[in-house]
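Encoded as structure tokens, the structure appears first; notes follow it.
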Amino acid sequence: MSVKKLSRSSALVAAAGALLLGLAVAPAAHADSAYGCIYPQVCIYDDTSVTSPIVGRFQQVTSTWQYLSNPQSYYAVVNTRNDDVAYVLDSYGTHCIKPNGSMSSSGRITAIRIDSRSSC
């Protein structure tokens with residue numbers, strides 16, 4: 001094998017190694033969507049099933065309630081956010097949904113608030 005071919009082969013092996021090392025060291029993305037709800041949204045579904053149509057999508061962290069224009073009875077909520085909780089206000093009271101969590105209820109949902117806390 002010639003010196004030129006050897007150094008070309010060595011360069012390819014080194015480049016492949018660097019690429020693999022970069023992939024092994026790079027942090028894994030944890031931005032997941034669920035049931036049609038795109039990260040980083042909190043979605044409200046038309047019924048207690050997450051297979052029902054989405055009727056509301058929220059994304060902003062707020063210090064006050066975000067009221068629904070059309071309050072839903074019998075609903076489900078999916079929180080695709082990785083580090084933020086979502087509070088839901090319905091006819092039964094206030095519920096906290098953990099990051100990447102969900103819930104359903106027969107109550108009438110009226111408002112939602114996304115908080116930067118990572119636990120309920």
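Quick caveat: nothing in here was measured; it's all calculated off a predicted structure.
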From [X] [atom1] over to [Y] [atom2], what is the distance, rounded to the nearest 0.5 angstrom?
| X | Y | atom1 | atom2 | value |
| --- | --- | --- | --- | --- |
| Asp46 | Ser73 | CG | OG | 10.5 Å |
| Tyr75 | Asp47 | OH | CG | 12.5 Å |
| Thr62 | Ile114 | OG1 | CD1 | 7.0 Å |
| Leu89 | His95 | CG | NE2 | 8.0 Å |
| Cys43 | Tyr35 | SG | OH | 12.5 Å |

So do the side chains of [X] and [Y] get within less than 4.5 Å of each other, counting heavy atoms only?
| X | Y | result |
| --- | --- | --- |
| Phe58 | Asn79 | no |
| Val85 | Tyr87 | yes |
| Ile109 | Val77 | yes |
| Thr110 | Trp65 | no |

Would a single hydrophobic cluster contain both [Y] and [X], if residues Ile, Leu, Val, Met, Phe, Trp and Tyr are joined by side-chain heavy-atom contacts under 4.5 Å?
| X | Y | answer |
| --- | --- | --- |
| Ile38 | Val61 | no |
| Val42 | Ile44 | yes |
| Ile112 | Met103 | yes |
| Val78 | Leu68 | no |

Specify the closest pair of heavy atoms between [X] and [Y], including all atoms of both residues, with the distance to one decimal.
| X | Y | value |
| --- | --- | --- |
| Ser106 | Tyr92 | OG-OH, 3.2 Å |
| Ser105 | Gly107 | OG-N, 2.9 Å |
| Gln41 | Thr80 | O-OG1, 2.7 Å |

Problem set entry | salt bridge (Lys or Arg N to Asp or Glu O under 4.0 Å) pairs, two or more places apart, involving residues 97-115 | Arg113-Asp115, Asp115-Arg117

Problem set entry | Main-chain N/O of Ser118 paired with Arg81 side-chain donor or acceptor, under 3.5 Å | no

For this session: May I ask you to decide if Pro99's main-chain N or O and Asp83's side chain share a donor-acceptor pair within less than 3.5 Å?
Result: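 Checking the backbone N and O of Pro99 against the side chain of Asp83, no donor-acceptor pair under 3.5 Å is found.
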
Exercise. For residues Tyr45 and Thr51, is any side-chain donor paired with an opposing acceptor at under 3.5 Å?
Worked result: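 Distance-only check fails for Tyr45 and Thr51.
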
Problem set entry | Heavy atoms of other groups near Tyr74 OH, more than 12 under 6.0 Å |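 Atom OH in Tyr74 is not crowded, with 12 or fewer foreign heavy atoms closer than 6.0 Å.
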
Problem set entry | Set of residues satisfying salt bridge (charged side-chain N to carboxylate O under 4.0 Å, His left out) with respect to Asp90, sequence neighbours excluded |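 Asp90 satisfies salt bridge (charged side-chain N to carboxylate O under 4.0 Å, His left out) with no residue once adjacent residues are dropped.
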
